[in-house]
Protein chains: 2
Amino acid sequence: MAVLTAAVRMFNARGYHATSLDDVAASLGVSKPTIYHYLGNKEQVLVECLTMGMDQLLDAADKARAGLGKGIDRLRAFLLSYAEVNMEEFGRCNILTANETLSPDARETIRLLKRRIHATLEDLVAEGVADGSIASCDARFAALTLASALNGPSRWHRPDGPQTPREIATILVDFLTAGLAPR
Amino acid sequence: MAVLTAAVRMFNARGYHATSLDDVAASLGVSKPTIYHYLGNKEQVLVECLTMGMDQLLDAADKARAGLGKGIDRLRAFLLSYAEVNMEEFGRCNILTANETLSPDARETIRLLKRRIHATLEDLVAEGVADGSIASCDARFAALTLASALNGPSRWHRPDGPQTPREIATILVDFLTAGLAPR
DNA sequence: ATCAATACCTACTGAAGAGTAAGTATTATT
DNA sequence: AATAATACTTACTCTTCAGTAGGTATTGAT
């Protein structure tokens with residue numbers, strides 16, 4: 001829905017709290033009650049945006065789980081998609097929105113979705129360790145670190161920069177695969 | 001000052017926008033005008049908190065630059081401090097506070113401080129690459145990735161968890177040093 | 001004793017913005 | 001043609017704060 005794409009852009013650019021629904025409505029050339037006609041309240045607008053982003057991630061997670069190849073290959077495929085989604089508007093919104101922004105109910109809903117993504121990450125790492133394609137490590141911390149690292153571009157990436165999201169994602173994933181130490 | 005430690009705790013726990021200065025004052029058992037007696041406005045309270053955190057980071061950066069050893073050793077020392085600071089209240093505040101929270105002026109002030117930290121990170125990586133202690137890589141992206149990864153604990157670390165901040169920092173830095181690929 | 005600075009207070013003002021009441025215009029249905 | 005659902009509107013209300021006006025109490029300096 002157009003309301004969501006207008007809202008997510010403003011939320012990402014100015015922050016949720018600094019964006020009034022009057023602003024969002026004005027950017028669409030309509031009035032605020034029009035938004036209330038479609039969505040119950042401001043938080044629901046945000047939750048809908050967050051859910052759009054999470055759905056893209058969930059799709060990528062399903063594909064990665066169903067994919068072929070060694071653990072490292074499937075993990076890398078997922079990491080690339082993960083980083084790319086987080087450079088799109090809806091994905092970014094999930095990274096830029098702090099937890100305490102949401103009411104306890106909405107927070108829990110989103111938390112459950114995030115947990116599924118994190119579980120996928122952890123499982124893929126564990127599989128890679130099991131099949132020898134990934135160095136032995138604590139899968140939980142590894143997943144947390146990978147996710148944090150790939151959340152970065154949501155904050156500093158510029159759509160008009162020299163690299164495409166895909167290129168940025170590849171550089172980061174290569175770096176995380178290789179580590180700092182020389183071989 | 002007591003105002004700052006009370007404020008930073010509430011900002012971190014509930015978010016800047018969800019924290020009123022009446023709340024902060026009440027948690028200290030004083031009235032809001034008392035806060036205005038010491039600090040000019042709400043944003044200045046935040047900026048002061050952010051600056052406290054950045055100062056800790058700047059100290060660590062100076063120590064790392066002045067340190068001995070190969071690039072990788074000095075980088076690792078800095079990364080450990082960086083991660084640790086970001087698990088303390090004032091450090092966390094820098095991670096949890098979105099840019100658009102600040103006015104353009106304050107944003108610029110903080111941005112300059114952050115740039116110094118990032119430059120240190122980048123320089124240490126470049127030195128390590130030059131002396132062969134770090135694998136050849138794009139220093140800019142490496143620094144960005146390392147920082148993002150080490151910002152993670154600010155969001156998920158619990159002070160009452162099983163690991164100390166130092167332990168968490170060590171696990172993450174080891175992981176980033178080694179990378180995913182087996183050797 | 002007087003003056004002034006410090007550290008607070010109660011009680012306001014003013015603005016922003018979420019959400020609503022109560023309507024109108026347009027299109028689809030019977 | 002009459003009804004009803006859809007897609008909007010203007011013009012509010014109500015709450016929550018940031019920030020202020022204008023005080024008092026306490027302490028230290030002269």
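Naming convention: chains lettered A, B, ... in sequence-line order (proteins, then strands); numbering from 1 in each chain. What's counted below: heavy atoms across the whole structure, side chains too, no hydrogens, waters or symmetry copies.
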Handout entry: Residues forming a salt bridge (charged side-chain N to carboxylate O under 4.0 Å, His left out) with B/Glu122, sequence neighbours excluded
Key =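 B/Glu122: no salt bridge (charged side-chain N to carboxylate O under 4.0 Å, His left out) contacts found.
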Kindly compute the distance separating [atom1] ([X]) from [atom2] ([Y]), expressed to the nearest 0.5 Å.
X	Y	atom1	atom2	answer
A/Leu121	A/His118	CG	NE2	6.0 Å
B/Ile95	A/Ser148	CD1	OG	10.5 Å
B/Asn94	B/Ser154	CG	OG	9.0 Å
B/Leu146	B/Leu79	CG	CG	5.5 Å

Exercise for the section: Taking B/Gln44 for its side chain and B/Gly40 for its backbone only, find out whether a donor-acceptor pair lies under 3.5 Å. Expected result: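 Checking the backbone N and O of B/Gly40 against the side chain of B/Gln44, a donor-acceptor pair under 3.5 Å is found.
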Practice task
Could you name each residue pair satisfying salt bridge (Lys or Arg N to Asp or Glu O under 4.0 Å) that touches residues 127-136 of chain B, not counting sequence neighbours?
Solution key: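 Listed once each, the pairs are B/Arg74-B/Glu127.
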Problem - salt bridge (Lys or Arg N to Asp or Glu O under 4.0 Å) contacts touching residues 15-38 of chain B (sequence neighbours left out) - result: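 Every pair satisfying salt bridge (Lys or Arg N to Asp or Glu O under 4.0 Å) with a residue in residues 15-38 of chain B: B/Arg14-B/Asp23, B/Asp22-B/Lys32.
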Identify every side-chain donor-acceptor pair in residues 167-175 of chain A under 3.5 Å, counting partners at least two apart or on other chains, and give the distances.
residue  : atom : partner  : partner atom : Å
A/Glu167 : OE1  : A/Thr164 : N            : 3.0
A/Thr170 : OG1  : A/Arg166 : O            : 2.8
A/Asp174 : OD1  : A/Arg76  : NH1          : 3.3
A/Asp174 : OD1  : A/Arg76  : NH2          : 2.7

Practice task
Treating Ile, Leu, Val, Met, Phe, Trp and Tyr as nodes and any side-chain heavy-atom pair under 4.5 angstrom as an edge, say whether A/Leu80 and B/Leu180 lie in one connected cluster.
Solution key: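 In one cluster: yes.
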Exercise for the section: Just do the side-chain hydrogen bond (donor to acceptor under 3.5 Å, both in side chains) check on B/Asn151 and B/Tyr82 with the steps written out, would you? Expected result: CA-CA 9 Å; B/Asn151 289 348; B/Tyr82 182 97; 2.8 Å; yes
Problem - Interface with DNA chain D, restricted to residues 14-28 of chain B and to heavy atoms under 4.0 Å - result: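 Contacts with DNA chain D under 4.0 Å: B/Thr19, B/Ser20, B/Leu21.
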Practice task
Give, ordered by number, those residues of residues 1-10 of chain B having at least one heavy-atom distance below 4.0 Å to an atom of DNA chain D; if nothing qualifies, reply none.
Solution key: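 The answer is none.
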Handout entry: Bounds of contact between DNA chain D and chain B, in 5' to 3' order, using a heavy-atom cut-off under 4.0 Å
Key =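 In short, chain B contacts DNA chain D from D/dC17 to D/dT20.
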Would you give me the side-chain donor-acceptor pairs under 3.5 Å for residues 134-144 of chain B, sequence neighbours excluded?
residue  : atom : partner  : partner atom : Å
B/Asp138 : OD1  : B/Arg140 : N            : 2.9
B/Asp138 : OD1  : B/Phe141 : N            : 3.2

Check: residues 51-68 of chain A side-chain donor-acceptor pairs under 3.5 Å, at least two apart:
residue : atom : partner  : partner atom : Å
A/Thr51 : OG1  : A/Val47  : O            : 2.7
A/Arg65 : NH1  : A/Thr120 : OG1          : 2.8
A/Arg65 : NH2  : A/Asp123 : OD2          : 2.1

Handout entry: With A/Glu89 via side chain to side chain contact (heavy atoms under 4.5 Å, CB included) - residues at least two apart
Key =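 Here the qualifying residues are A/Val8, A/Arg9, A/Asn12, A/Arg92.
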Problem - More than 12 heavy atoms from other groups under 6.0 Å of CZ on B/Arg107 - result: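 Yes, enclosed.
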Practice task
List in numerical order all residues of residues 42-52 of chain B for which some heavy atom is under 4.0 Å away from an atom belonging to DNA chain C.
Solution key: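 Correct list: empty, so none.
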Fill in the blank from the handout: Under a 4.0 Å heavy-atom criterion, the protein footprint on nucleotides 4-11 of chain C, written with B, S and -, is ---BBBB-
